There are 2 protein chains.
Amino acid sequence: MVVEGIRSLLMNEKDIELIGSASNAGSCLAFLKNRQPDVLLLDINLPDRNGIDLCKEIRLKYPVIFILGLSTFNQASYIHEMMSNGASGYVLKNATQKELIEAIHLASAGKTYMAFEVAKTLHTAEQQKQSDIILGRREKEILELIKYGFTNNEMAAELGISINTVDTYRKSLLSKFKAKNTADLIRLALIHKIISIE
Amino acid sequence: MVVEGIRSLLMNEKDIELIGSASNAGSCLAFLKNRQPDVLLLDINLPDRNGIDLCKEIRLKYPVIFILGLSTFNQASYIHEMMSNGASGYVLKNATQKELIEAIHLASAGKTYMAFEVAKTLHTAEQQKQSDIILGRREKEILELIKYGFTNNEMAAELGISINTVDTYRKSLLSKFKAKNTADLIRLALIHKIISIE
DNA sequence: TTACCGACCCCCTTTTTACGGGATTGCCTG
DNA sequence: CAGGCAATCCCGTAAAAAGGGGGTCGGTAA
């Protein structure tokens, strides 16, 4: 559906030629061996592999291709990762024809496109993040175990360290996240994407 | 893009006529006042309101229209809600032309369509879920406050009830979720989608 | 080389949670 | 009308966590 949508949005543009499409990373790479477009629209959610990795790989193999990230998600982490892996822009799937065409034109000229919405998301995310929280190896382990409801005693046994040590890490986590207590810690760690819920 | 994709997928089907499309709930309802299709493809993620609610409303107002849920997400909760609000099927945005057409034909005949993938998701979710967790008004409130790191004392003050009462709800939450402690509770509540991280 | 930092350990106090019992009210439904 | 259930309150005790303080040791970066 999305491919069909793009095709129809670009059909009448005289200076844009759609030379092909692929429904997964494998066939995309196979296609690129024969022909390279000026601009490549790359979905972040691919069936066979991660679009962000694929972006990096394509940029390495074919530095001449400009890549536009394509996703339903106006999510800071995605946009950020995509851009830092060499994308020339980020287009949402609900973009208008005008936006899409503008993005392609800018990308093919080596410039960067970013829709207003997307830029805004990035910006507010940046504001909120302010201080990246850096955790040591042990702190991460402890946090992960706290998430699963382990008590300090259990963690000490699990990791073969003293309960006092576990307690120290716990305190350190609370202070790094500026959390009031365990529940708050879990929430903040999730917001900062240090941990995740599967 | 998606609308364009659907249009092009249905273009050559002789027995399917696309009589219109809308990009939000408001214009969809406005359209329906004048004309009603046999089958309506309804996206779950709409800019102005929730697709699931809209499904319910349309089914009430126009019981003659069969609705097919449309989403990128192969997620049990969505599918479930959509179906229990009267949808005749659930189509993923990466569906093939064949699947889409089959779904429309079945829906217009009053039958239910469900792609294999979707059915599978529902099934496994059902397995995992086993017991839906139902919370009372107060329990939800307390859970929400716990998430933000409030202590029992603070919650009691906030809600104007006794700390003992708060404690009772807390116990009840732990037992309903079979959680070991607060951290575990937060995790399980997130998994069950009772709370969310914004 | 000094100074910082992460990983490790210890002790003490207070607060908060966990968990085991109760109980009452009022509403809704079979 | 009885029974269920949500909402409210109470009382314990024990365990955990929060919040202070202190320390050693080794690596590494200024």
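All values derive from a computational prediction rather than experimental measurement. Chain A is the first sequence line, chain B the second, and so forth, proteins listed ahead of strands; every chain is numbered from 1.
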Each nucleotide of nucleotides 9-22 of chain D classed B (base within 4.0 Å of a protein heavy atom), S (only sugar-phosphate) or -, in 5' to 3' order, makes BB-----SSSBB--
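- A salt bridge is absent between K140(B) and E144(B); no separation between the charged side-chain nitrogens and carboxylate oxygens falls under 4.0 Å.
- Electrostatic pairing of D167(A) and R170(A) does not count as a salt bridge here, judged by no charged N lying under 4.0 Å from a carboxylate O.
- Under the 4.5 Å side-chain heavy-atom criterion for grouping Ile, Leu, Val, Met, Phe, Trp and Tyr, Y148(B) is connected to M155(B) within one hydrophobic cluster.
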Take K93(A) and D43(A), measure what salt bridge (Lys or Arg N to Asp or Glu O under 4.0 Å) needs, and give me the verdict at the end. CA-CA 9 Å; K93(A) 285 193 187 164; D43(A) 195 331; 2.8 Å; yes
Could you go through nucleotides 3-6 of chain C and list every protein N or O atom that sits under 3.5 Å from one of its N or O atoms, giving the distance for each pair?
none

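- Donor-acceptor pairing under 3.5 Å is lacking for the side chains of R138(B) and T165(B).
- The distance between atom CD1 of I146(A) and atom P of dT17(C), rounded to the nearest whole Å, is 15 Å.
- By the side-chain hydrogen bond (donor to acceptor under 3.5 Å, both in side chains) test, N164(A) is found to be paired with S162(A), residues two or more places apart in sequence or in another chain being considered.
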Return a table of donor-acceptor pairs under 3.5 angstrom between the side chains of residues 9-16 of chain B and protein atoms on other chains or two or more places apart.
residue	atom	partner	partner atom	Å
D15(B)	OD1	H105(B)	NE2	3.4
D15(B)	OD2	H105(B)	NE2	3.0

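- At its two ends the helix from dT1(C)-dA30(D) to dG30(C)-dC1(D) runs along axes set 50° apart, each axis drawn from five pairs and the angle rounded to 10°.
- Two residues are said to be in side-chain contact when any heavy atoms from C-beta on lie closer than 4.5 Å; R7(B) and S8(A) fail this criterion.
- With respect to the salt-bridge test (charged N to carboxylate O, under 4.0 angstrom), the residues E154(B) and K180(A) qualify.
- Within the structure, ring-ring contact (aromatic ring centres under 6.0 Å, His included) pairs that include any residue of residues 149-172 of chain A do not occur (at least two apart or interchain).
- If you take CD1 of I186(B) and P of dT17(C), they are 11 Å apart, rounded to a whole angstrom.
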